[in-house]
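Below you'll find the structure, written out as structure tokens, and then a few comments.
Being a predicted model, the structure only gives us computed values, none of them experimental.
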Amino acid sequence: MLENVPLFSGLSGAALTEIEQHSMVKSYKKNAIVINQDDETYSLYVILSGSVKVYISGEDGREAVLNHQSAGDYFGDLALIDKQPRVASVMTTEASRFLVISREDFMVCLSKNPEIAINLIKPMTSRMRMLAKNVSSLALLDVYGRVARVLLEQADQQEDGEMITEKITQQEIADMVGASRAMVSRILKDLKVGGYISVDKKRITIHQKLPSHW
């Protein structure tokens, strides 16, 4: 079940079997907390099915969503390396199953299969670039600019030129851009009236280039 996970690409069947033997499968219901921010736990979680959101919480209770992940993705890798408390919380957004590997077992597998290190580093650099973009966006873009960026980042290009997002709610967008749901709703409504987007069952289709300003 790990052959389609990018982290373990290039490994032999025997190596994949050994990793599976040193791990366990856990299932969680929708909206279950998998990891709490500041937890001192050090396991790696590979998403076998379902999806999660990765977020941080402030002392005032407000949340900022850092990422959404689905089957084939993984989280918890930073704690594998530095053995420091978790920097973010992870919650399921639908019923999900995970392959969980302890830090000790992962390090044994890593020593036997050093190519895993390369597979581990590449996504880390991507996430660092994304974090830099998010910080820049919050500092330099207005709310509309942040919403437009999220829509484009979440959307996949179709053959007819349109771009379609996975299911995403207005509240999820609001959490990602640091704005109220009401403000996001107003922006999406104006984009629909202008013919730029359409919304069907929480999927957003982008029909033409979004305007540079709202």
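For the pair Gln170 (side chain) and Ala182 (backbone), a donor-acceptor distance under 3.5 Å is absent. Side-chain atoms of Glu162 do not come within 3.5 Å of backbone N or O of Thr205 as any donor-acceptor pair. Without hydrogens or angle criteria, Gln37 side chain to Ser57 main chain gives a donor-acceptor distance under 3.5 Å. In this structure a side-chain-to-backbone donor-acceptor pair under 3.5 Å is missing from Arg86 to Ala79. Side chain of Asp142 to backbone of Gly145: a donor-acceptor contact under 3.5 angstrom is found.
When all heavy atoms are compared, the tightest approach of Pro85 to Glu40 is CG-CG, 4.0 Å. When all heavy atoms of Ser27 and Arg97 are compared, the closest pair comes out as OG-CG, 3.4 Å. Scanning both residues, Leu151 and Leu188, for their nearest heavy atoms gives CD1-CD2, 4.1 Å. Residues Ile33 and Asn36 approach most closely at CG2-OD1, 3.5 Å, considering heavy atoms. Nearest heavy-atom pair across Val65 and Tyr55 is CA-CB, 3.9 Å. Here the closest non-hydrogen pair linking Ala71 and Ser49 is CB-CA, 4.2 Å.
The list of ring-ring contact (aromatic ring centres under 6.0 Å, His included) pairs with a residue in residues 9-31, not counting sequence neighbours, reads Tyr28-Phe98. Sorted pairs that involve residues 66-75 and meet salt bridge (charged side-chain N to carboxylate O under 4.0 Å, His left out), not counting sequence neighbours, are lacking altogether. Residue pairs meeting the salt bridge (charged side-chain N to carboxylate O under 4.0 Å, His left out) criterion with at least one partner in residues 174-189, sequence neighbours excluded, are absent.
Separation of atoms OG (Ser185) and CG (Asp190) is listed at 9.5 Å; rounding is to 0.5 Å. The distance from the CG atom of Asn31 to the CD atom of Glu94 is 10.5 Å, given to the nearest 0.5 Å. Atoms CG and CD1, on Leu210 and Ile187 in that order, are 11.0 Å from each other to the nearest 0.5 Å. How far CD1 of Ile206 is from OG1 of Thr165: 7.5 Å, rounded to the nearest 0.5 Å. Atoms CG and NZ, on Leu48 and Lys26 in that order, are 13.0 Å from each other to the nearest 0.5 Å. The CD1 atom of Ile168 sits 6.5 Å away from atom CD1 of Ile204, with the distance rounded to the nearest 0.5 Å.
Grouping the Ile, Leu, Val, Met, Phe, Trp and Tyr side chains by contacts below 4.5 angstrom, directly or via other members, places Val108 apart from Met24. Under the 4.5 Å side-chain heavy-atom criterion for Ile, Leu, Val, Met, Phe, Trp and Tyr, Tyr196 and Ile164 are members of distinct hydrophobic clusters. Ile197 and Val177 end up in the same hydrophobic cluster when Ile, Leu, Val, Met, Phe, Trp and Tyr side chains are linked at under 4.5 Å. In terms of hydrophobic clustering, with Ile, Leu, Val, Met, Phe, Trp and Tyr side chains grouped at heavy-atom distances under 4.5 Å, Leu44 and Tyr42 are assigned to different clusters.
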Criterion side-chain contact (heavy atoms from CB on, under 4.5 Å) on Val34 and Thr92, from CA distance to verdict: CA-CA 7 Å; Val34 183; Thr92 59; 3.8 Å; yes

Is there a side-chain contact (heavy atoms from CB on, under 4.5 Å) between Ser23 and Val100? Walk through the geometry before answering. CA-CA 5 Å; Ser23 60; Val100 185; 6.0 Å; no

Please test Lys53 against Glu172 for side-chain contact (heavy atoms from CB on, under 4.5 Å), starting from the C-alpha separation and ending with a verdict. CA-CA 9 Å; Lys53 69 173 182 178; Glu172 288 172 338; 5.9 Å; no

Stepwise, does the side-chain hydrogen bond (donor to acceptor under 3.5 Å, both in side chains) test hold for Ser51 with His68? CA-CA 7 Å; Ser51 58; His68 286 87; over 6 Å; no

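Each of Asp39, Leu66, Ile35 was evaluated against Val90; a single residue qualifies, Ile35, per the side chain to side chain contact (heavy atoms under 4.5 Å, CB included) test.
Atom CE of Met107 is surrounded by more than 12 heavy atoms from other residues, nucleotides or ligands within 6.0 Å. Atom CD of Glu166 is surrounded by 12 or fewer heavy atoms from other residues, nucleotides or ligands within 6.0 Å.
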